[in-house]
Chemist: 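Please read through the structure below; I'll follow up with questions.
All chains are named by letter (A, B, ...) in the order of the sequence lines, taking the proteins before the strands, and each is independently numbered beginning at 1.
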There are 2 protein chains.
Amino acid sequence: MRKEESTNAQNEAALIRNCGMAYALSVIGGRWKPNILYCLLKGKMRYNELRKAIDGVSERMLVAQLRELEEFGLVKRIIYPEVPPKVEYELTELGYSTEPMLNMMSDWGNKNREVSLL
Amino acid sequence: MRKEESTNAQNEAALIRNCGMAYALSVIGGRWKPNILYCLLKGKMRYNELRKAIDGVSERMLVAQLRELEEFGLVKRIIYPEVPPKVEYELTELGYSTEPMLNMMSDWGNKNREVSLL
DNA sequence: CAGTATCCGACATGATACTG
DNA sequence: CAGTATCATGTCGGATACTG
């Protein structure tokens, strides 16, 4: 257990640090991240608004992916110290900078997905 | 068993058919696909050349992801009926059309990955 | 309202041995 | 050379119940 066995998770982390593509995929990969990003591109939203806007997402995954986006610095979490609680999520500048990339991917997909379905 | 229970896999498949972003991610997602695509953008390669070029990939995963890329119509598999066997992989036009998207993602990643590591 | 905690199954990936 | 077959493992994500 003490040995220098580099785990897969560690290798992945190293990859993400060193490779732009891996980093980009870690940011927009994951089942719900693109969807979250798209929602927030339209403006800040509350937790429950996101839940309703994103069809099928569970609380667990929504929180998890929001936290990851926060760690990566794409999303700001704004907590209003009230009762009942109110939390808003908003894109940072870095978050907004993903828009052209997201659009390009989406456009490429929409243009070409019919091709392989003929 | 006959019931209309839609599995996760089925839902995913439906998503991929209907959403450009999901389709794009299904094409370039996966641990090795971007790497494979980058290799093949430089020109056609044999199976073993790919193995050597892509550090750390197992035979199992290389074959699996090549097959997926083939299904999506991004990669052509060229079999030479010789002994010993010779197989080359080459991008289709659709495969080459991913280049701008891949570059954009890679560039975005390289530009921004330092940001979140400060 | 905005989350946590817990459990669980499905799937992606890895390691290794074998084959036409 | 270019794969298959088999087994093992860990992570992702879903369902559900609970909480400050």
Chemist: What integer distance in Å separates B/K44:NZ from D/dA2:C1'?
Modeler: 17 Å
Chemist: Report yes if at least one side-chain N or O of B/R46 is closer than 4.0 Å to OP1 or OP2 of D/dG3; otherwise report no.
Modeler: no
Chemist: Rounded to the nearest angstrom, tell me the gap between atom CG in B/L50 and atom P in D/dA2.
Modeler: 10 Å
Chemist: Show me the dot-bracket string of DNA chain D, counting Watson-Crick or G-U pairs under 3.5 Å, with | for pairs to another strand and [ ] for crossing ones.
Modeler: ||||||||||||||||||||
Chemist: For every nucleotide of nucleotides 10-20 of chain C, 5' to 3': is a protein heavy atom under 4.0 Å from its base (B), only from its sugar-phosphate (S), or from neither (-)?
Modeler: -S-BBB-B--B
Chemist: Taking only side-chain N and O atoms of A/R67, does any of them lie within less than 4.0 angstrom of OP1 or OP2 on C/dA2?
Modeler: no
Chemist: Using atom CD of B/E49 as one end and atom P of D/dG3 as the other, report the distance to the nearest whole Å.
Modeler: 13 Å
Chemist: What's the separation between atom CD1 in A/I16 and atom CE in A/M21, rounded to the nearest 0.5 Å?
Modeler: 13.0 Å
Chemist: Just checking A/Y80: base, sugar-phosphate only, or nothing, at a heavy-atom cut-off of under 4.0 Å?
Modeler: nothing
Chemist: How many whole angstroms separate atom CE of A/M45 from atom C1' of C/dA2?
Modeler: 15 Å
Chemist: Is there a side-chain contact between B/L50 and B/M45 (heavy atoms, below 4.5 Å)?
Modeler: yes
Chemist: For A/E93, is the CD atom crowded, meaning more than 12 foreign heavy atoms sit under 6.0 Å from it?
Modeler: no
Chemist: If we only count heavy atoms from C-beta on, is the A/Y47 to A/E59 side-chain gap below 4.5 Å?
Modeler: yes
Chemist: For A/E12 and D/dG10, give me the distance from atom CD to atom C1', rounded to whole Å.
Modeler: 13 Å
Chemist: Return the value, rounded to whole Å, for the distance between atom NZ of A/K52 and atom P of C/dC1.
Modeler: 6 Å
Chemist: Quick one: does B/S97's side chain have a donor or acceptor within less than 3.5 Å of a partner on B/L94's backbone?
Modeler: yes
Chemist: Does B/E12 use its side chain to pair, donor to acceptor, with the backbone of B/A9 at less than 3.5 Å?
Modeler: no
Chemist: Between the side chains of A/E68 and A/K33, is the shortest nitrogen-to-carboxylate-oxygen separation below 4.0 Å, so that they form an ion pair?
Modeler: yes
Chemist: Less than 4.0 angstrom from a charged side-chain N to a carboxylate O is my criterion; do A/R77 and A/E90 meet it?
Modeler: no
Chemist: Check the distance between D/dG13's P and A/L66's CG and give it to me in whole angstrom.
Modeler: 13 Å
Chemist: Can you measure A/Y89 atom OH to C/dA2 atom C1' for me and round it to whole angstrom units?
Modeler: 7 Å
Chemist: Are A/I36 and A/M61 linked, directly or through other ILVMFWY residues, by side chains that come within less than 4.5 angstrom of each other?
Modeler: yes
